[in-house]
Every structure is written in structure tokens, then in C-alpha cells.
Amino acid sequence: MLISVALYVSLFMAIFLFAYAFWEGIRIADSEEKVNGGTFILTLTSAFIFSGMTYLL
């Protein structure tokens with residue numbers, strides 16, 4: 001029971017973080033001024049970590 005909850009939470013977080021990183025990438029690409037890419041890097045890295053946890057569960 002607890003493992004299936006962890007699987008669904010990590011799957012949801014991976015999908016959410018990939019979508020957020022995609023949206024952040026579009027926002028960065030559309031910007032004219034200097035941007036801070038820390039949010040993009042952090043969300044993309046976290047998305048890969050959560051997708052790895054989904055694979056392992």
C-alpha cells in the first residue's frame with residue numbers, strides 16, 4: 001500500500017516538474033533581458049530524480 005502511494009507521488013511529481021521545466025524554458029526563451037536559469041536547472045534535475053525513483057519503485 002505504502003509503496004504504491006510512493007509510486008504515484010513520484011510519478012505525479014516527475015510529470016509536474018517536467019511540465020514546469022518546459023514552461024520555464026519557454027519563458028526563458030521568450031525573454032529579452034538577462035535571465036536566471038537556476039529554476040530551470042533545479043526543476044529539470046528534480047524531474048529526472050523523481051522519474052528515477054518512479055523507475056525503481
Inset, instruction - Sort and list the pairs that fulfil salt bridge (Lys or Arg N to Asp or Glu O under 4.0 Å) and have at least one residue in residues 28-45, not counting sequence neighbours. - result: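 Those involving residues 28-45 do not exist here.
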Inset, instruction - Could you name each residue pair satisfying salt bridge (Lys or Arg N to Asp or Glu O under 4.0 Å) that touches residues 11-27, not counting sequence neighbours? - result: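 Applying salt bridge (Lys or Arg N to Asp or Glu O under 4.0 Å) to every pair that reaches into residues 11-27, excluding sequence neighbours, yields E24-R27.
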Legend entry - Hphob cluster co-occupancy, M53 + M13, side-chain heavy atoms under 4.5 angstrom: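 Shared cluster, yes.
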Table please: side-chain donor-acceptor pairs of residues 39-52 below 3.5 Å, with sequence neighbours left out.
from	atom 1	to	atom 2	distance (Å)
T43	OG1	T39	O	2.9
T43	OG1	F40	O	3.1
T45	OG1	I41	O	2.8
S46	OG	L42	O	2.9
S51	OG	A47	O	3.2
S51	OG	F48	O	2.9

Legend entry - Remaining members of the apolar cluster that contains I15, side-chain heavy atoms under 4.5 Å: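 Members other than I15 - counting any ILVMFWY side chain reachable under 4.5 Å - are L11.
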Legend entry - Minimum heavy-atom distance between T54 and S10, given as atom pair plus value: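 That would be OG1-OG, 3.1 Å.
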Legend entry - Crowding at CZ, F18 (>12 non-hydrogen neighbours, <6.0 Å):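 Check passes, neighbour count above 12.
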